[in-house]
Amino acid sequence: MVDFKVLKGYPYNISLNKHKLLNGWFLLITEDNQEYLVRRNYSLTSRRLYSVYQTDNSLKDYIFSEKRKDHNNGRGLFLAIVIPALLRLLTPLELWFGSTNRKGDLIEGALNILIFMIVFSWWFS
């Protein structure tokens, strides 16, 4: 039998080693200091039923209180803008859509893009 009840309290992220968050779980401490371990299911709606487990041992020592630092500092966005622009400048247009003396040969261009995608996926697999 499943028992449903509404719990009100404060959620806290938890970490077992104080460096990395425990994904998929958080600690809910109610107003009367009861501790519950809640399993997240990453749904888009907040009106979901979650699996909740009451803890016998205190998990207050595992509350993750540090602020997470953004280590990339925008490097990813910079690289996502710059690398495709450089590739477009360094590679000739004929590589993607065939020679430019003819009208666009879409079959040849699609074949070149398919070969590029196959080589790219093989390289990073």
Taking every non-hydrogen atom, the tightest pair across [X] and [Y]:
| X | Y | answer |
| --- | --- | --- |
| Leu27 | Lys60 | CD2-N, 4.4 Å |
| Tyr36 | Thr30 | CE1-CG2, 3.6 Å |
| Leu87 | Thr91 | O-OG1, 2.5 Å |
| Phe26 | Tyr12 | CB-O, 3.3 Å |
| Gly9 | Leu28 | C-CD1, 3.8 Å |
| Lys20 | Ser15 | O-OG, 2.7 Å |

Atom [atom1] of [X] and atom [atom2] of [Y]: how far apart are they, to the nearest 0.5 Å?
| X | Y | atom1 | atom2 | answer |
| --- | --- | --- | --- | --- |
| Ile83 | Leu90 | CD1 | CG | 11.5 Å |
| Leu59 | Ile29 | CG | CD1 | 8.5 Å |
| Asp32 | Leu7 | CG | CG | 9.5 Å |

Side chains of Trp25 and Val38 in contact at under 4.5 Å (non-hydrogen atoms):
no

Please examine the side chains of Asn13 and Leu22, heavy atoms only from C-beta on, and report whether any two atoms are closer than 4.5 Å.
no

State plainly whether one hydrophobic cluster holds both [X] and [Y], where clusters connect Ile, Leu, Val, Met, Phe, Trp and Tyr through side-chain heavy atoms under 4.5 angstrom apart.
| X | Y | answer |
| --- | --- | --- |
| Leu111 | Val119 | yes |
| Tyr53 | Tyr62 | yes |
| Trp122 | Phe120 | yes |
| Leu79 | Leu86 | yes |
| Ile14 | Tyr10 | yes |

I'd like to know whether CG of Asn57 has more than 12 heavy-atom contacts from other residues, nucleotides or ligands below 6.0 angstrom.
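Atom CG in Asn57 is not packed in, count stays at 12 or less.
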
Short question: side chain of Glu31, backbone of Lys8 - any donor-acceptor pair under 3.5 Å?
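Not at all, since once roles are kept as given, no pair shorter than 3.5 Å links the two residues.
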
Modelled atom types, side-chain donor and acceptor of Gln34 and Gln54, under 3.5 Å:
yes

